[in-house]
Protein chains: 2
Amino acid sequence: MSAVICTVDVVLLTLLGEELAAVLLRREHEPFQGALAIPGGYVHPQDDLCAHDAAMRVIKNKTGIVAPYLEQLATFSGATRDPRGWSLSVAHYALVPYPLLAARKDAAVHVVPVSQLGTLPFDHRAMIDTALERLRNKSQYSSLPCFLAGDTFTLPQLQRLYELLLGETLNKVSFRRKMSEMDILDPVDGQFEAAGAHRPAQLYRLKAAVRKTLTVLERGL
Amino acid sequence: MSAVICTVDVVLLTLLGEELAAVLLRREHEPFQGALAIPGGYVHPQDDLCAHDAAMRVIKNKTGIVAPYLEQLATFSGATRDPRGWSLSVAHYALVPYPLLAARKDAAVHVVPVSQLGTLPFDHRAMIDTALERLRNKSQYSSLPCFLAGDTFTLPQLQRLYELLLGETLNKVSFRRKMSEMDILDPVDGQFEAAGAHRPAQLYRLKAAVRKTLTVLERGL
DNA sequence: TCAATAGTGTCTCTAAGACATTATGTT
DNA sequence: AACATAATGTCTTAGAGACACTATTGA
C-alpha cells in the first residue's frame with residue numbers, strides 16, 4: 001500500500017487541415033524533460049473535485065482553452081510506465097476545433113498530425129491510439145465528429161470529416177438522411193462560397209440544445 | 001499533491017436463474033464495516049503489475065474464482081466518495097457463469113439480483129449502473145452475453161439471455177442468422193432435453209479460439 | 001454556356017422481421 | 001396421435017446505396 005503516483009493525461013485532438021492532429025507540449029520537468037508529450041499532471045486533491053476536473057484544469061493551464069468535449073478514456077497503470085515508480089494515470093481525450101486552439105496557442109504548444117508522431121514518453125502513444133480508436137468507433141454512430149468542426153460548416157465539409165475519421169467514403173444521400181435523422185443541425189442564413197465556380201453550400205451550426213451533448217444513432221453511420 | 005487513496009472495485013455479474021445478479025461481500029473493515037459492498041481493495045504496488053491485475057487478485061482472493069471476462073469500466077474519483085479522503089477507484093466489471101461462482105461460494109459471498117440491490121456504500125451503485133449500461137450496450141453488437149452462459153447452452157437459451165439483457169424480444173430467425181454470422185459456436189454432439197414434451201434443442205459451446213475474445217458484429221443485434 | 005459542386009428524387013438491392021412449415025422429442 | 005418447442009424456408013418490408021437529374025454559382 002505504498003504511495004501510488006496519481007496523474008491525469010489528456011489526448012487533445014483537433015483537425016489540422018485535412019488531418020487529425022494531437023496537441024503535444026515540451027516537458028518542463030523530469031522525467032523526459034524536454035521531450036514532447038501529451039498534456040498531463042498530478043491530480044491535486046486540494047484543488048480538483050475529481051479526475052475530470054483535474055483534466056479540465058490541465059487543459060486550461062497548459063493550452064489556455066476550455067475544451068468543448070472532454071471524456072474519460074481509460075486508466076493506464078503499472079510499475080513500469082513511469083520511471084519514478086508505480087503510477088496510475090486517468091487518461092482523457094478532448095476534441096477542439098483548430099481555430100480555438102490557434103487563438104490561444106503559444107510557442108510551447110505543438111499540434112502534430114497523428115500520422116507524424118515521433119516516439120513519445122510514458123505510454124502516451126498507447127493513450128493516443130486508444131483515443132483514436134474511441135473517436136473512430138463513436139464516429140460510426142454519433143455526432144462526435146461535430147466537436148472537431150468549427151462553429152459553422154457545410155454538409156460536404158462534415159461528410160469529408162466523417163470520411164476522414166472512418167477511413168472510407170460515404171454515400172451522400174445516406175449521410176444526409178442520417179444527419180437529418182439526428183436532428184442536430186440548424187441552417188445558417190447566408191450561404192457559403194470560397195470554393196469557386198459552383199453552387200455554394202448551405203452553412204449549418206449545431207443546434208443550441210445539443211451543443212454540449214452527444215447524439216447517438218439507432219443503427220449507425 | 002497529498003496522497004490519493006488508490007483502489008480497485010469489481011462489479012461481478014452473473015446470471016441467477018432468469019435475472020442478472022451482482023456479487024456483494026460484507027465489509028470486514030471501516031468505513032462501512034458490516035455493510036454489503038462490491039469486491040474491492042487497495043492497489044498493491046508491490047504485488048500488482050497494473051490495475052487489471054489488482055482486480056484479478058481481488059476477485060480471486062474474495063471469491064476464489066478466475067473470472068472468464070474482466071474489463072476495465074471507468075475510474076471514479078473525488079473528494080467525497082470515500083470518507084477517508086480524496087480517493088480514486090479503477091472500477092472493473094467481470095462476467096461469470098453462476099455455476100463457477102456456486103462451486104466456490106462461501107457464506108460471505110452474496111449474489112443479489114440487480115433489481116433488489118439495497119443502498120450500497122461509496123459510489124458502488126453508480127459503478128453497478130455503469131457496468132449494466134456497458135453490458136447492455138455491448139450486448140447489442142457482440143458476443144459478450146456468452147460469458148454469462150455456462151459451458152454449454154442451446155440457442156433458445158442464448159436468445160433468452162440476450163433478450164433479458166436487451167429488455168426486448170428478438171426475432172428468432174434474425175438472431176440465429178447473427179449468431180451464425182459471428183461464427184463463434186460449435187455444436188456439441190448429443191442433444192438437450194429437460195424441457196419436456198417437445199423436440200430437444202442442439203447444445204453449443206463457444207469455439208476454443210473465441211473462448212477469451214469478444215466477437216463484434218458489423219451491424220448489430 | 002460551360003464547368004463544377006450542392007442538393008434531391010428515385011430505383012435497386014440487401015438485410016431484418018413476420019409468418020409458415022417441417023422436425024423431433026415426450027406423454 | 002397429440003402437443004410442444006426446435007429449426008428452417010420464404011415472403012414482406014424497411015433501410016442503405018447507386019444513379020441520375022436539377023440547382024446555383026463563377027469563369
Give the stems involving DNA chain D, where a stem is 3 or more consecutive Watson-Crick or G-U wobble pairs (i with j, i+1 with j-1, and so on) under 3.5 Å.
-> C:1-27 with D:1-27
Output for pair (B/L217 CG, B/Q140 CD), nearest 0.5 Å, gives 11.5 Å
Within the sub-3.5 Å range, which N or O atoms of nucleotides 25-27 of chain D have a protein N or O partner, and how far apart are they?
residue, atom, partner, partner atom, Å
D/dT25, O2, A/H198, N, 2.9

By side chain to side chain contact (heavy atoms under 4.5 Å, CB included), which residues pair with B/N61, not counting sequence neighbours?
-> B/R57
Keeping the roles fixed (side chain from A/R211, backbone from A/L206), state whether a donor-acceptor pair exists under 3.5 Å.
-> yes
Could you identify which residues of residues 169-185 of chain A place a heavy atom less than 4.0 Å from some atom of DNA chain D, listed by residue number, or say none?
-> A/N171, A/V173, A/S174, A/R177, A/K178
Output all residues satisfying side chain to side chain contact (heavy atoms under 4.5 Å, CB included) with A/A126, sequence neighbours left out; order by chain, then residue number.
-> A/F76, A/D123
For A/F32, ring pair (Phe, Tyr, Trp, His ring centres under 6.0 Å) partners two or more places apart = A/F122
For DNA chain D, what residues of residues 159-168 of chain A have any heavy atom nearer than 4.0 Å?
-> none
Residues which pass side chain to side chain contact (heavy atoms under 4.5 Å, CB included) with A/T152, listed by chain and number, not counting sequence neighbours = A/V188, A/L203, A/R205
Could you list the residues that satisfy salt bridge (charged side-chain N to carboxylate O under 4.0 Å, His left out) with A/K60, not counting sequence neighbours?
-> none
Results of salt bridge (charged side-chain N to carboxylate O under 4.0 Å, His left out) for B/D53 - residues two or more places apart only | none
Side-chain donor/acceptor of B/R136 to backbone N/O of B/L166, under 3.5 Å | no
Side chain to side chain contact (heavy atoms under 4.5 Å, CB included) test vs A/V11 passes for just one of A/V23, A/L135, A/I128, namely A/I128
Return the set of residues passing side chain to side chain contact (heavy atoms under 4.5 Å, CB included) with A/A67 (not counting sequence neighbours), or none when no residue passes.
-> A/I59, A/A94, A/V96
Note: contacts of residues 137-156 of chain B with DNA chain D (heavy atom, under 4.0 Å) are B/P156
